[in-house]
Amino acid sequence: MQSEHSVMAGILARDPAAFETLFGRYSGVVCYHLQRMVRDHAAVEDLVQEVFLRVWQRAEQWQGQGTLHAWLLRIATNLALNHLRAVRRRREQPFDVPSPLLADNVEQTLPSAPRWLIDHTIMPPDAAVERAEQRRLVWEWVDALPVEQRMAFRLVHTADMDRRTTAEVLGIPEGTVKSRLHYAIRTLIQRGRDMALDGEESS
Amino acid sequence: MTITTTAPWHKASFTQFVQDRLPQLLAARLPLVDYQVTATSPYTCTIRLALASPAGDCVVDYAPIPQPDAEGVFMVDGTPRVVVVTAATAALDTAEIQCVGEQLYTYIAAHLGEAPEGLPWDDALARAWLPLDRWMHTFLTTHRFAQPLDQSNWLARCEHLRSLYILEREKVFTAAQFGRVCPFQKPEGPSLRHVRRPAVGADIQDGRLVIVDARPAAGLSVAASMIPFLEHDTENRILMGANMMRQWLVPPDPEPALIQTGHEPAVPAFWCGRNLLTAFIAWDAGGLEDGLVLSASCAQRLSYPTPVEPGDKLSNRHGTKGVVSQILPDAAMPHLADGTPVEIIHSCMGVPTRGTIGQLREAVLSRVARVEGAPILVPPFQAPSAEEICARLTRLGLPADGMEYLTLGRDGALLQRPSTIGWVYWGRTNHLAQDKLEVRRGQRQGLFDYYLLRDLEAYDNLAEHFNTRSDQRANAATLAWRVARGPVAQAGPPTPLFTQVQQRLACAGIRMEFTGDRLTFRFAPAPGPTLTLAAPVRHPWLRERMLEAIGTSDELPEYQALTAVNARVARLRASNAPAPLVRQALVQLEAQCRALFDVLLTPAHLCFRNRVLFSGRGVIVPDGTLRYDQVGIPEKMAWALFAPLLARELGAGAAVPPQDPPEAAVLDPLMARTWVLLQHMPQPIPTGIAAFHPIRRTDRAIHLHPCVCPLMNADFDGDQAAIFLPLTPEAQAEAGQRLSVVAHLQRDPGLMASLSPSHDAMWGLATLSLTPDGYQEILQITGTAVAAPHGFVTRQTLAEALRTILQRPGPTQALTVLDQLLQRGFAVARASGASISAFLGTRIDRSGAPPGTDVAAWEAYREELIEQIGAYTDYADPDLGVQLLAMKSGARGNLSHHLPLLLGGRIVVADAAGTRVVIPHGVADGLTVQQACTGIFSAHEGLGRTLDELQEIGQAMRIAHAPQGCTVLARAMRAQRPGVVFARAAAIEEVDPLVDLDSRLFVGLPPSGPIDS
């Protein structure tokens, strides 16, 4: 059996076979470790991938002190903690998609229609579609953000990453992630307000 | 006997959880060094814990943590909540019982991770790892068994705290449940097999439900313990009686019942009913199928929170329930000889078939209580005998059989027979007509409604319901405006349903195009915003095809999950991650795509269903003043439904037509020439929908002609119906030609048999025909021969006569004759005073009853008894005369079924093995505890079977009515995974020629087109 050192040497040399060996040998124990900590099957699956991606990307950080096993579990523990903190943060500060007040298009298109003959309980074409439309609009605005802001926003709000991981993934300081998010959200809120104002002015 | 009404197990279980089990769990998973619980209010506590950390102990306070009060009630976000106790199996002698503490333990144990050693604990980490306050809150607000406390009244609250949920779907009843849970009280609906009420003599100890008081009466629930004369009611009616008491509204001034069981709690708030002078007599349409007639002063007495009105539901402790059909001035009600007006009339025809003799006994004994000025106690299964009650009545100078002659009005004519009358404790339930009335919200129509209209070939109304008047249309909000401006034309294809399927297929990369007379299918990139997959995956609906992009479907959570997985795959690929990681992520991506496609298009999307504009709903009541082609609709509904049409008629322009006499003078004729469709609950019968001319009624109920009951299987215990107003001229014409009662009769003359008079009207006609003059009168009304085989006309012979008229001169005349017969029959019934004795059957000689319980011997005796009673012809006999004529004439009930129920000899199945046993007593005699329990199995298994059968019928109908065609849309409409059908069609660029009926209707085309016409 290959020693830990030779496996890691292989990984440092970008040898896929070495990674296969590492993955085959340790993914079970990492998964078990994460399951005991996190108790969320879907999240554990993602975290296991994340642990081994870290190893692949930062194999040089294992200096050979301590066992490889312990190092892997340390990475897993840190990622699990990040995950649990992110869950808590998301619950405490849910991101509110700026919800633009809808212009009552019906009345715009039918200026002579008296209010009592218009069914205001029915949002054309249908409330669900309308909500979806709002969300779609927001994501369109997200797509229109400058690329740096968009990347940060997507990673945090779509891929559910915390800011520190986002910073690592993007290779930028955490403070920069925060400022990019700040500007992104400010832009989105402004777009929402503009749309609501457009609606009021034209009705 | 004082009974237990508390549920101490909630508090005990929570205390054990928070004091012992939670700290044990925490210590097993975290480096717990300290743990303290401090109560901060009756509903909150603080949990302080300390975790060992390399940098020193980390102390965390969780506050406020909800805790239950002594009753077991939690207060969460200002709402009282209770956690319902669960039992693992229906074998309650051995089943594991979980109260709130055990359930919380399971919940938290499943969420709490096990911390590795040496974590640097701080407040933030501890709260992230163990968000104890959030978990508690989430459990108490979202968990299935953590429910808002039912506070409808004292009993509802008490019984909600004392409920038990059996997790396993076992038999409705097992022997181990006796003594532990109430044998009678169960829900009527789908939770029948699950929800139970612990017996007052049971307790929860060490995770088991144990019997602490084995006396028979202690085997009842709290609610069932409050039913006097329980032994004179059938099992299912006890069930209903107990359940409905929990729905009684709370009066501002409690009035204790004249007859009590002695088990009632010593709290005034318990008493939610009123002792109402009740006459159990034959009456007119107002008493039809559970309808109740109230006096005006009675309606005033029940004015909490608002005066009673037609459509409001009342019930009594014996499971009798019905809606108020009519409120008459006191002067029009029957009166006692001393001038006291009757407050409530309950048709005597409804009593024998339901076996609710207990209410008759209550009525007559309450007269004693009333005179004596004190309540009388009748504990369950210890009711006084008929002889005792008669003796007490006699002693006070009251009629010994509790029956006396009433007058119609204060000084009016004497009714012809003595009637059973007395005070019965009735409650006003929280089912109010005003709450049920919907006049603006479009009513739902679904697949079964579609089948109904399709099978009746009512295609124009079908097109209105699923297209022109669908609330899913883009221009739905302006429909009323368009109607006010002029006639509205039928909307053409596509229907909103079709458009939705089209859009969803587009997301999956399948282009379904409607070209006017056909559908084409092909693969094409989704139009609009798409999600490009980080790597192509197999198309979930077609293995050989790869999927590269998906149309955005942000409204679906599965889509959100997919975008997350997709982002990760993209990142892994971008960072040249090794193969095993990418492989694993790709598997997830493919699985997530499949999950999305599973919800993107389901069989439900291919179903006809939406809300229909220009419709309303309300509680139904019987109304004998209507013509056979009329329906009474509430004033409010009439103005709301017809306002746009009225505005058009008045040329009123933009203004709302005022509800004043001049406008009413235009509205009424407009309504009289318009058809509306009436639909009782979805019924798998062709007459489930019918057209009538609406007329205004001042109350908030929908008034039905008596013939609608058999037509639509309707009764008046709270049933509701929907009203639809067809808008296009075509749909209006079709309503009259295809859906009116006349049209239904033309389609199926056999319906006449069920339209023939029944109940009080039939009894009245049979009584009338007993005399030569009366018989002649009936012949004059019908104008044709009516047989009187036993010296009176029957439901069957009248149906035959009506059939003759139906053939010639025709349905309109047949229905006119039917109306006249009903009027006459009701008039005879109303003047008769015909009633039902509280001591039914006491004059019958039953000395030949077998001594033991040998089933064969009882079967022989039963037949003998039925023959003996069947041969009686004394229909004036106050004991059984009325019921005998009702059963023999076909008005109500049936000798061989209902006589054993009332007078003994009922043979029932007593267990799952199918053992047949006899119940020697009838409900008229009163059952022993053992006898009542013997009947439970078959009665409640019967309810359970009915529920199962309903499901099976629904499934069978779905299969029987599914589209038969082989074209694409037809195949998709009957597929479990319709996406697969469409993907195959796209792969071979198949064309659907739209020749299949259901496909055409789904798209919005007329039933037949140029291709097959």
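Computed from a predicted structure; not experimentally measured.
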For atom OH of Tyr183(A), decide whether the heavy atoms of other residues, nucleotides or ligands shown that lie under 6.0 angstrom number more than 12. no

Non-hydrogen atoms of chain A under 4.5 Å away: do they reach the side chain of Leu112(B), the backbone, both or neither? backbone

So for Arg134(B), is it side chain, backbone, both, or neither that comes closer than 4.5 Å to the heavy atoms of chain A? side chain

Is the count of non-hydrogen atoms from other residues, nucleotides or ligands lying under 6.0 Å from Glu60(A) atom CD greater than 12? yes

After noting the C-alpha distance and the side-chain angles of Gln49(A) and Arg571(B), does the key distance pass the side-chain contact (heavy atoms from CB on, under 4.5 Å) rule? CA-CA 11 Å; Gln49(A) 284 178 24; Arg571(B) 196 156 57 82; over 6 Å; no

Toward chain A, the part of Gln588(B) with a non-hydrogen atom under 4.5 Å: side chain

Count the heavy-atom pairs under 4.5 Å between each of Ala124(B), Pro116(B), Gly528(B) and chain A, then report the option with the highest count. Pro116(B)

Selection from Pro496(B), Gly442(B), Pro580(B) maximising heavy-atom pairs under 4.5 Å formed with chain A: Pro580(B)

Between Ala585(B), Ala579(B), Pro131(B), who has the most heavy-atom pairs with chain A when the cutoff is under 4.5 Å? Ala585(B)

Which bit of Arg29(B) comes within less than 4.5 Å of chain A, counting heavy atoms only: side chain, backbone, both or neither? side chain

Flag the one option from Asp46(A), Leu81(A), Leu73(A) with the top tally of heavy-atom pairs under 4.5 Å to chain B. Asp46(A)

Compare every heavy atom of Gln57(A) with every heavy atom of Ser575(B), then report the nearest pair and how far apart it is. CB-NE2, 3.4 Å

Pick one of side chain, backbone, both or neither for Ala109(B), based on which atoms fall under 4.5 Å of a heavy atom in chain A. backbone

Closest non-hydrogen contact found for Glu114(B) with Met37(A) is O-CG, 3.4 Å

Using non-hydrogen atoms and a 4.5 Å limit, figure out which bit of His83(A) sits close to chain B: side chain, backbone, both or neither. neither

Highest number of heavy-atom pairs under 4.5 Å with chain B: which of Arg85(A), His33(A), Arg14(A)? Arg85(A)

Atom pair CG (Leu581(B)) and CZ (Phe19(A)), whose distance is rounded to the nearest 0.5 Å: 3.5 Å

Tell me, side chain or backbone of Phe52(A) under 4.5 Å from chain B's heavy atoms, or both, or neither? both

